[in-house]
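FYI, side chains are in, hydrogens and waters are out, and symmetry mates aren't considered; it's all heavy atoms of this structure.
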2 protein chains.
Amino acid sequence: MEGRVGSQDGQIASPRRAPSQQRSRERVERMLAAASALIAEQGSDAMRMGEVAERAGVSIGSLYQFFPDKRAIVWALAERYTAESQACISAALADVSDAEGLGQAFSELVDIYYRLFLAEPVMRDIWSGTQADKALRELELADSRANAEFLTAVLKRLRPAADPAALETTAFLVWQMGEAAMRLAISVGREEGDRLVAAYKRMALRELLDQ
Amino acid sequence: MEGRVGSQDGQIASPRRAPSQQRSRERVERMLAAASALIAEQGSDAMRMGEVAERAGVSIGSLYQFFPDKRAIVWALAERYTAESQACISAALADVSDAEGLGQAFSELVDIYYRLFLAEPVMRDIWSGTQADKALRELELADSRANAEFLTAVLKRLRPAADPAALETTAFLVWQMGEAAMRLAISVGREEGDRLVAAYKRMALRELLDQ
DNA sequence: TGCAAATGTGAGGATTATTCATATTTTGAA
DNA sequence: TTCAAAATATGAATAATCCTCACATTTGCA
């Protein structure tokens, strides 16, 4: 009843061949767009390579010309999301210089993420499946570390006397807790989700500001 | 290259037929034991139904006599773990009556869980894949709620003046954060993992005791 | 004993992911 | 412009896997 999704080795799935011509670059975009639409409709697990090819208007062989396997497509989409959000997060935290500013920026960041998770089925699907796929897990971990570093930088400015290593651990943990809180929040009802996100915010800020 | 793992509907995978004879009960045990061993060796994703049957010394058809599909086997193992751990957690929190006691019990509980995650590849694998499988996700959520309730009961005793709804939210969130922290801790190096777990403990207790 | 229910079996059906031999298009140097 | 090499396109065929089902065997029990 099935196809399987490759062996369990978590190789970073890089394009089998980078599209060098204008034509192929456009086709790869179409493939990713098709995959994105299908994931939004049915989830990445139910996404079929044949459907992706058909919807992108390319042959199945062309798909495999640029993506070594199914997971690579999901990975490529995930990478785009992380790149975008990192830029956003970096900007939001760049010029925070006092506790109040951190509270403000962090709170907004959480809201943005929460809304994004609620509104973006693709993102939701991809980050949900994160744990099952080694390459995705590593991407998310790297992303999380990068984001935590932005937060660490702020903390070091706000609390110069504190142990830097401890600040790093705190920032990383708080950030990961945030991602977990989001996943939890979207998997329960909206009201409870809102409450949980609010509770997370309080908890995180208390920890970050060491109050 | 593959088989697929069932449609994405998250039906609770209950035995197709409960084994009623001694013989079949023993065989089902062998099936679960075989599955457990294979998951420990290669992960549940790489576990093949044919291998499970072979190692259990039964035919593939017998497997499907008692388990409607592959996920049902994983689910059955997961259910056992949750039943066991709930009993353990309930016992640990049952007679907590002051802040110090909570600190003690909670800290021990976290340690036990952490060690369990580190030592039990099966448990680790199952809870990692949790997000990808609807039935597993629901099982984990229900388990988490049940455990959070034990914690809530303690909090209500310790802080009778507090808003009960807020305590429930706090307990649930803290518990889920704990599971996330565990997953994170075992996916990074041992040293960093230890630091993260310690940091989580501090954060959680601060929140639980509202200090 | 004998019959119905429970259980056991494994070859084959059904899906999918992925490959590969071959055809077509583009590029860039002569 | 010409043309060979590189890049790209194609989809039928392959391979791997889950799961079904028609039929065989065993067990419980009146």
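Between the CZ atom of B:Arg30 and the C1' atom of C:dT7 there is a distance of 13 Å, rounded to whole Å. When the P atom of D:dT17 is taken as reference, atom CZ of B:Arg71 falls 19 Å away, rounded to whole Å. If you take CD1 of A:Ile60 and P of C:dA21, they are 18 Å apart, rounded to a whole angstrom. Here the P atom of nucleotide D:dT17 and the CE atom of B:Met49 are 13 Å apart, to the nearest Å. Atom CE of B:Met31 is separated from atom C1' of C:dT7 by 10 Å (rounded to the nearest Å). If you measure from atom CZ of B:Arg48 to atom P of D:dC19, you get 11 Å, rounded to the nearest angstrom. As rounded to whole Å, 13 Å separates atom C1' of C:dT26 from atom CD of A:Gln22. Atom CD in B:Glu51 sits about 14 Å away from atom C1' in D:dC18, given to the nearest Å.
A:Arg27 and A:Ser62 are linked by a side-chain donor-acceptor pair at a separation below 3.5 angstrom, with hydrogens and angles left out of the test.
Comment: B:Arg145 does not engage B:Glu168 in a salt bridge, judged by the lack of any side-chain N to carboxylate O separation of less than 4.0 angstrom.
Backbone-only contact: A:Ser24 has heavy atoms under 4.0 Å from sugar-phosphate atoms and none from a base.
Checking the phosphate oxygens (OP1, OP2) of C:dT18, a side-chain nitrogen or oxygen of A:Tyr64 falls inside 4.0 Å.
Closest to the side chain of B:Ser59, from the set D:dT10, C:dT9, D:dG28, is C:dT9.
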